[in-house]
Amino acid sequence: MEHHFGQDTAPASGSFDKTRVLNVKPLRTLVPVFPSPSNPASSSNPQGGAPFVCVSPSGPFPSGVAPFYPFFISPESQRLSEQNVQTPTAQRVPAAPISTAVPINSFRTPTGAANGDVGSSRKKDGTGTGRSKRKPQKKAKAQQSGGSVSADVDPDAVAADILKSLNPMVFDVLNQPEGSRDSVAYTLMIYEVMRRKLGQIEDSNRAANSGAKRPDLKAGAIMMNKGIRTNSKKRIGLVPGVEIGDIFYFRFELCLVGLHAPSMAGIDYIGSKTSQEEEPLAVSIVSSGGYEDNVEDGDVLIYSGQGGVNRDKGASDQKLERGNLALEKSAHRGNEVRVIRGLRDVQHPTGKVYVYDGLYKIQDSWVEKAKSGFNVFKYKLVRLPGQPQAYMIWKSVQQWTEKSASRTGIILPDLTSGAEKVPVCLVNDVDTEKGPAHFTYIKDLKNLRPAAPVESSTGCSCVGGCQATNFDCPCIHKNGGYLPYSAASLLADLKSVIYECGPSCQCPPSCRNRVSQGGLKFRLEVYKTKNKGWGLRSWDAIRAGTFICEYAGEVINNARVEELGGDNEDDYIFDSTRIYQQLEVFPGDTEAPKIPSPLYISARAEGNVARFMNHSCSPNVLWRPVIRENKNESDLHIAFYAIRHIPPMMELTYDYGVVLPLKVGQRKKKCLCGSVKCRGYFC
DNA sequence: AGCACTCAGGTGTAT
DNA sequence: ACACCTGAGTGCTTG
């Protein structure tokens, strides 16, 4: 069986406007700072001149407020990018100062009264329905209390803050009539930031019964309201910037990137008015399990029409109108229809994941009786040949899981020899190499050396686990007033340091603030890539913001680094002092990582899966320092988190960064990441 | 042509 | 169980 998994290329390749991406994002300084919980942003260094202060080419950045990370670019590179952009239309707005760039579309009501309050008008309760012009405002919003950190934060103010911090370049990209990989990435990223931030606020406000109950909807509404979206014009066929195999965790994400406009309905179509056509045509469908679809086959989908279900009136016959009519017309017309398949997410049993499975055509349609006894329209959609695998990858993984098919090329079923809770298999289906050079698998850091003492603390006393509503929890305080992780254990926003609970805390191991301590959760595999040696990927999809693993190995000092890096050319060193390039795709990445003192980890002789992660200039994983509370010693770890949603079997990569200046004997390595934004080398 | 209003359409999360 | 938000469609108003 041929495998097409892991093409060893970044997802980005191919469909790019290369003129657009020439500009290089600035490197970021990694200034070592001894964080003090009271003033974590301070860059004053009590140790005095650290030996490795690096200066960013685009700096100097003022200490304190870091530029909103993913978007800050230097004026130079911005100008560059503008020269290089081929502007297709004359109406492109010039780059404007941030404040004026923000509102793309009109705000309906700047006070925030309008957003979200409009809906749900059709309660069939008869009491004063429809008549009143203004719906009653549900939220008595109290946004004035300026002092406290987390109580009564107005969602719209939060959104405005986030938007204000974006680089105008982002809006420039979003304003392009055609979507691009960048515009899609930015849109999803902003949505992610907004959703997580609103969720975080809601979380800590739950007692006060305020905040957005559905952060996904709230964030979506704000985005729509302000026009932060891409590909807003409906189209038949492929959507620029969205690639087959891309995955989504919210219906609003599909909407915002132009893949499927309705926030709920499963059928999207171009109406007879909006297009020049005189009949409606279907453009995309979502098969999400709400109807009795047949999804057994990877290339054929039997899809049910919409309607016929009504909460109040019960089941009824479906009618040939709206989406159903559009599908019918499309069947005759033979136009391509995008298919998004919704699946239960194994990692989050409560949620769903949506897989963009590319283009299909409707081959047949008929009416049949559903289990309810009423008529339902059925449509047979057949996948167009020659498209990359998407849904099929999920099916394969499922088969491997159920053992109804076996993974080919397995060399070792578990290279951790049971050290991890989840087996990590070693696979080679490209050549005959029998495995990477010998090493010992360890889960943790060795020779953990006490880092600089932090403020004396005995840890928290949250016996039942830290709660977002507990404003007295010292661990929450250290993180700036919020738990760093969402209820779904996603990184809520990206701080320079993450303070987790540790040995001296009284909370249980299940505490929400111990996310990086739970070990591996995903079924990873170490596999032979086509041209980059061994790499790492996951059988499971990984949602943006999820903790993946830490970097295990032996903590070594600078002298040893030089020793190893010199002659021996140690490829397995994690070096926290490197400068790394701006990632342009991370939600809420407001601060660069800061480490109390330089940290070097060698994973050559001993290490975990992280040692197999290759470099990419367009990575899908990033690292953050995590400090675990441990009396007066800070227990420092390096944790890896997903930058974006990562589909199964896609290689996991992070940015190795660059060493400036190059150490003696160190040479640059040619980068093979294949990204259009490739720097050409890494260290 | 432009706007106000209604209604279909399910989803995500908590209980 | 519960709280929602967009877009199509319809009908009325206005230039």
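Heavy-atom basis, side chains included; hydrogens, waters and symmetry copies ignored. Sequence lines set the chain letters: A, B, ... in the order given, protein chains first and strands last, and positions in each chain run from 1.
Between A:Arg344 and A:Gln306, it is A:Gln306 whose nearest contact on DNA chain B lies nearer the 5' terminus. Comparing A:Phe252 and A:Asp268 against DNA chain C, the residue whose closest nucleotide sits nearer the 5' end is A:Phe252. Where A:Leu217 and A:Lys234 meet DNA chain C, the nucleotide closest to each residue was compared, and A:Leu217 sits on the side nearer the 5' end.
For A:Tyr354, whose side chain is taken as the heavy atoms from C-beta onward, the closest listed nucleotide among B:dT13, B:dT11, B:dG10 is B:dT11. Considering only side-chain atoms of A:Arg322, the nucleotide from B:dG12, B:dA8, C:dC4 that sits closest is B:dA8. The nucleotide whose nearest atom lies closest to any side-chain atom of A:Phe250 is, among B:dT13, C:dC5, B:dT11, B:dT13. When distances run from any side-chain atom of A:Met264 to the nucleotides B:dG9, B:dT13, C:dT6, the shortest one goes to B:dG9. With distances taken from any side-chain atom of A:Met224 to the nucleotides B:dT13, C:dT6, B:dT11, the minimum falls on C:dT6. With distances taken from any side-chain atom of A:Lys352 to the nucleotides B:dG12, C:dT6, B:dT13, the minimum falls on B:dG12.
Between the CG atom of A:Asp216 and the P atom of C:dC4 there is a distance of 12 Å, rounded to whole Å. Separating the CG atom of A:Leu198 from the P atom of C:dC5 is a distance of 12 Å, rounded to the nearest angstrom. The separation between A:Arg341 atom CZ and B:dT11 atom C1' is 20 Å, rounded to whole Å. Distance A:Glu253 CD to B:dG10 C1': 17 Å, rounded to the nearest Å. Rounded to a whole Å, the CD1 atom of A:Ile267 is 13 Å from the P atom of C:dG9. Here B:dT11 presents its C1' atom at 15 Å from CG of A:Asp345, a figure rounded to the nearest Å.
In this structure, A:Glu500 CD and A:Cys507 SG are separated by 10.0 Å, a value rounded to the nearest 0.5 Å. In this structure, A:Arg341 CZ and A:Ile247 CD1 are separated by 15.5 Å, a value rounded to the nearest 0.5 Å.
Within the nucleic acid shown, A:Gly307 comes within 4.0 Å of sugar-phosphate atoms alone, with no base atom in reach, counting heavy atoms only. Looking at heavy-atom distances under 4.0 Å, A:Lys319 makes no contact with the nucleic acid at all. Heavy atoms of A:Arg229 sit under 4.0 angstrom from primed sugar atoms or phosphate atoms, though from no base atom.
A close approach under 4.0 Å does occur between a side-chain nitrogen or oxygen of A:Arg251 and OP1 or OP2 of B:dT11.
For B:dT11, its base sits under 3.5 Å from the side chain of A:Arg214 at one donor and acceptor pair at least.
Residues A:Arg214 and A:Glu202 are not paired through a salt bridge, judged by the lack of any N-O separation under 4.0 Å between the basic side chain and the carboxylate. Looking at A:Lys369 and A:Asp317, no side-chain N of the basic residue comes within less than 4.0 Å of a carboxylate O on the acidic one, giving no salt bridge.
Between A:Ile285 and the options A:Asp293, A:Ile340, A:Leu327, A:Ile362, a side-chain contact (heavy atoms from CB on, under 4.5 Å) holds for only A:Leu327.
Sorted by first and then second residue, the salt bridge (charged side-chain N to carboxylate O under 4.0 Å, His left out) pairs with a member in residues 508-519 of chain A read A:Asp203-A:Arg512; sequence neighbours excluded.
Residues passing the ring-ring contact (aromatic ring centres under 6.0 Å, His included) test with A:Tyr291, sequence neighbours excluded: none.
Listed by residue number, A:Ser288 are the residues of residues 282-290 of chain A with a heavy-atom contact under 4.0 Å to DNA chain B.
Applying the 6.0 Å contact sphere to NZ of A:Lys329 captures no more than 12 heavy atoms from other residues, nucleotides or ligands.
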